[in-house]
Structures are given as C-alpha cells and as structure tokens.
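Here the structure is laid out as structure tokens; the discussion comes afterwards.
Below, each value reflects all heavy atoms present in this structure, side chains not excepted, and no hydrogens, waters or symmetry copies. Each chain gets a letter, A, B and so on, in the order its sequence line appears, and its residues count up from 1.
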Amino acid sequence: MNSTGENSTGKSPDIWQEQFISSHIFLYVKKGILRFFDGDKTFTFKSGEYFIARKNRLARYIKERRTNEFDYVAFIYEEDFIKSFQDKYKIQEKDFYAADTFVRIKETKAIPYFIRSLEFYYNSLGNPNDAFRNVKYEELLIILLQNQPEFAGLFFDFGFPQKIDLEKFMNGNYRFNVSIERFAFLTGRSLSAFKRDFENTFKTSPGKWLVQKRLEEAHFLIEEKNQKASDIYLNLGFENLSHFSYAYKKRFGHSPSEVIDNKKKTSR
DNA sequence: CAGAGGTATTTCCAATGCGT
DNA sequence: ACGCATTGGAAATACCTCTG
C-alpha cells in the first residue's frame, strides 16, 4: 500500500493488492464490507466502521465471494507528514501496546461528521488542492488523537522493526508474497543477517524454504480438501498459476490438475 | 515452451565491535 | 594496539518468473 498520500475514495486497486503496509492508513468503510487477513486472524469491517491499518505489517485484502461492491475513504499517512505534524504541535509520544495489524478506533461522532464534511467539500470544490488536503489530513489526525491519546504511540513511532524471532515470524507469514528483502526488514535484520539467521534456524535458504512450505500446504489443500489449484495459488503466495503447477509437479511428481482428474475417475 | 529480464543466493570484502 | 568475530553491502552466479 504505497500510494502517494492521496486520500482517495473509490476503488483504486493498488491498496488492495499490495501486501506490505508501508504507511499508517486510516480507512472508513462507506459501503459494503472489507475483510483482511494478517497471517493469523481475519478482520471484518462493515459499512460505517473505521480503523487504522498499521505500517510495517503484512496483510491481505480478502475478496468477498458474492458482491464485490464497496466504497471507502482512505487517508494514507506518510512518515514525513506525521513528523512535521508532531513538530508543529509538539505532541508527546505515548506507549501503545496493541499488537494487531488492524486497530479499531473507539467510536466517536466526530469521525462520521468529518467524513460527511469531506463529501460536501469534494462535491462542491471538485478537485481539492494540496493546502486543502493537508488541512484535512491534520484535522483527522487531531480528531484521532483527541479521541484516543494513546494513538500518539502508534503514529509517532518512527523506529525500525525490532529484531524478532525468525521461526515464529516466518511460520506465521510465509503465505505473503513479498520479497526476501521485505521479510528481512520486517524481522529487523539486514539482508545478510537475515539469510545467516535463516540458514541457522531452518537449514535452508529462505527462497527454497518458502516454496517448500507453500507447496506442502498446497498439497494438503488439494489432496485432502479437494480444492482447485486456481483457487488457492494466490492465497499461498504464488504469483502465477503456470509456475505453481510446474513447481508442484517437480515436488510431488504430478500436476495439481492430474490429482483432480484422478479423483474424478476413482469416484465414478 | 523458450528466452529475456528480474530476483534470490552465494561468496567475498571492508567496516565495526569487543575483549585482552 | 592486536586478533578475532560479527555485521552489512557488492558482485557474480544461479535460479525463477513472465511474456508471447
């Protein structure tokens, strides 16, 4: 989710495909349902609800099965903006402990009001300029901090991710299709340190381990749960179906579709 | 299914840290 | 100041992924 910092409404696709959240994002659901997966839990937000997606986290948007109709307002808070905001208003950093990637905001009337004011201005002013956008970004941040002062600890945390337990992190996040470099960053290591530590704990290289791990799960889903390759390959972090089939065949001796064909034959 | 372009892995080296 | 260990980064190579 590394867009330019526009607050956007509608369906700009970039937010929904990127799995690494590089800046804090405020999201307000105007219509429909938004569902996310953070590697462990699923988060659901309905129309009228609002929350923050935290930076330096991995998450994936889950498409709704039936209708894909939704509308939202997003405010993407770049680090530079937050720094100058903090400078300007001299706000103290507080401790913020919640660990989740998605943080629900305590209910307040101020936010729906704020959203409505946006609609009014955007509809009557047309394309708003930078000054206007800046003011609105500040306004929302002020509302959020007034509503929950502890958010200061969330927004004004400019540090890098801490060095964390590799095994735990990788087992929770291997389904995300992000580069090794990103994994290294998220576990608080340089690329070199990451690979060294990885070799020590898993006894293989990161790339090989990831493919192996994903294929094992694919194998389970296909053989045991009768799922289709085309339904699962994206969720497991594979980028394209042809490579998935190729890798699958290389590992298990037969392609995913052959498994399904065989099942059909035997069940008949 | 091949070939081009891109990414991961390996290896090596320089910089830094740390105890003696 | 010295040797040794650890770290991050660059370059070369191997491997993977995408496109037609």
Can you classify the ring geometry of F75(A) versus F114(A) as parallel (below 30°), tilted (30 to 60°) or perpendicular (above 60°)? tilted
Distance below 4.0 Å between S179(A) side-chain N/O and dT7(B) OP1 or OP2: no
Taking the inter-plane angle between the rings of W209(A) and F198(A) on a 0 to 90° scale, is it parallel (under 30°), tilted (30 to 60°) or perpendicular (over 60°)? perpendicular
Going by modelled atom types, is there a donor-acceptor pair between the base of dG8(C) and the side chain of R196(A) at under 3.5 Å? yes
May I ask you to say what K195(A) touches in the nucleic acid, namely base, sugar-phosphate or nothing, with a heavy-atom cut-off under 4.0 Å? base
Would you kindly give the CH2-to-P distance between W209(A) and dC16(C), to the nearest whole Å? 17 Å
E199(A) CD to dT9(B) P: how many Å, rounded? 10 Å
Round to a whole Å and report the spacing from CG of L210(A) to P of dC16(C). 13 Å
Rounded to the nearest angstrom, tell me the gap between atom CG in N200(A) and atom P in dT7(C). 10 Å
Between dA8(B) atom P and N177(A) atom CG, what is the distance in whole Å? 9 Å
When the ring centroid of F43(A) is compared with that of F36(A), is the distance short of 6.0 Å? no
Parallel, tilted or perpendicular, as decided by the 30° and 60° cut-offs, for the rings of F169(A) and F183(A): perpendicular
Could you tell me the separation between the CZ atom of R182(A) and the P atom of dA8(B), rounded to a whole number of Å? 11 Å
Starting at atom CZ of R189(A), determine the distance to atom P of dT6(C), rounded to an integer number of angstrom. 15 Å
Nearest-angstrom distance from the residue atom CD of E181(A) to P of dC16(C): 19 Å
Of the nucleotides dT10(B), dA8(B), dG8(C), which one has an atom closest to the side chain of S192(A)? dG8(C)
